[in-house]
Amino acid sequence: MRFASLAANGHNTQPWRFSLAPAQVRIMPDFSRRTPAVDPEDHHLYISLGCACENLSLAAEARGRQAEIAFLPENSGSIRMDLATSQPRPSVLFDAIPHRQCTRSEYSGAAVSPADLSQVEAAAQVDGVGVIILTERAKLNSVRDFVVHGNSLQMDDKAFTAELKDWIRFNPREALAKRDGLFSGCTGNPAIATWMGEALFPVIFGKKGENDKYAKQIRSSSGVAIFTGAKANPEHWTRGGRSVQRFALQATALGMKYAVINQPVEVAQIRTEFAKWLGLGAARTDFVLRFGYGKPLPMSLRRSVADIVVHV
Ligand SMILES: Cc1cc2nc3c(=O)[nH]c(=O)nc-3n(C[C@H](O)[C@H](O)[C@H](O)COP(=O)(O)O)c2cc1C
């Protein structure tokens, strides 16, 4: 359960509960942790469940339990994992689980070798999910323009910024008390008192400053990976999450860092333009990340296993 909870998830809300039965685990959505402003369709919520599912499956395999995964739309989109006994199968992806993080800093700009690019692409293969990797500078500049446009619209959206502020943990005391949300240290920002963070939020998160930061971060990155789903429904979103998590773990194992630049999929109007630019037809763009090389930042916290497990 601990390995599962270390998965990437939107705003670090950890929108999951795990129910345990002999030889079976169910991963259930925790709708009390929805983020309706940024994620009105629960798309990110189901991507996050997929990320946790992949970690749990890798951990189970490493410990001698082969996981068979089924999506249960009739149970609010829970994921059932039946765990059969098998030979333990440790993997580099499993070993990378505690080291993976979203690293929201400028990277070194160094190129990733074609062999390593093929390896992350191969690791991310999941049925129903497409992965597009871009490294050409002109294309990365176009992605930057979509990100900056999306970010500008989000920064003008009061519901979006209010929700974001609610999930920011401005100092270690607040982060440790809640063990969820976005700790400022994980973004390389200094710790400040909660009242001050709330008061200064509009200044700290100004539109121009954030746009310039994203532009620089994308310029410093080696490439961008875009994940697409054959269908736009919760089951496919969990598949997308599994693919994203596998990509992230393989990248971590190869010494790379990554960060999410999801604005082109979060703003519906831009999502359509972005899909058109990619020449995607009916497929939905589910996730966008940048990757490269950089120094680690502090790890983000998770709630304790006791808080997320339900015994049946
Ligand atoms: C569905 C989803 C959406 C996310 N969206 C963003 C985003 O828009 N911006 C961002 O900086 N990080 C984003 N993240 C990264 C999460 O904030 C991050 O996984 C979480 O804070 C936990 O931190 P960690 O991945 O370093 O453990 C997203 C992650 C997921 C799975």
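Hydrogens, waters and symmetry mates play no part in the numbers below; they use all other heavy atoms, side chains included. Counting starts at 1 for both ligands and their atoms, in listed order. Computed from a prediction, not measured in an experiment: that's the story for all the values here.
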Inset, instruction - Using the rule that two of Ile, Leu, Val, Met, Phe, Trp, Tyr join whenever any of their side-chain heavy atoms come within less than 4.5 Å, decide whether V129 and L58 are in one cluster. - result: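 No, because V129 and L58 fall into different hydrophobic clusters, even though each may have its own neighbours under 4.5 Å.
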
Taking 4.0 angstrom as the limit and counting only heavy atoms of [X], give me the atoms of ligand 1 inside it, by number and element.
X	value
I47	1 (C)
L182	17 (O), 21 (O)
S300	22 (C), 23 (O), 24 (P), 27 (O)
R302	22 (C), 24 (P), 27 (O)
Q101	26 (O)

Legend entry - Proximity of Q263 to ligand 1 by residue part, where a heavy atom lies under 4.0 Å: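 Within the 4.0 Å criterion, Q263 makes no contact with ligand 1.
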
Output yes when [X] and [Y] qualify as a salt bridge under the 4.0 Å nitrogen-oxygen rule, no when they do not.
X	Y	answer
R34	D42	yes
K276	E273	no
K208	D212	yes

When you measure from [atom] to every protein heavy atom, which one gives the shortest distance, and what is it?
atom	answer
atom 3 (C) of ligand 1	N262 ND2, 3.5 Å
atom 30 (C) of ligand 1	G10 N, 3.5 Å
atom 10 (C) of ligand 1	R104 NE, 3.6 Å

Against ligand 1, does [X] come closer than 4.0 Å with any heavy atom?
X	value
M299	no
R100	yes
E266	yes

Inset, instruction - Identify which of V260, N9, V147 has a heavy atom lying nearest to atom 16 (C) of ligand 1. - result: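 Heavy atom nearest to atom 16 (C) of ligand 1 belongs to N9.
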
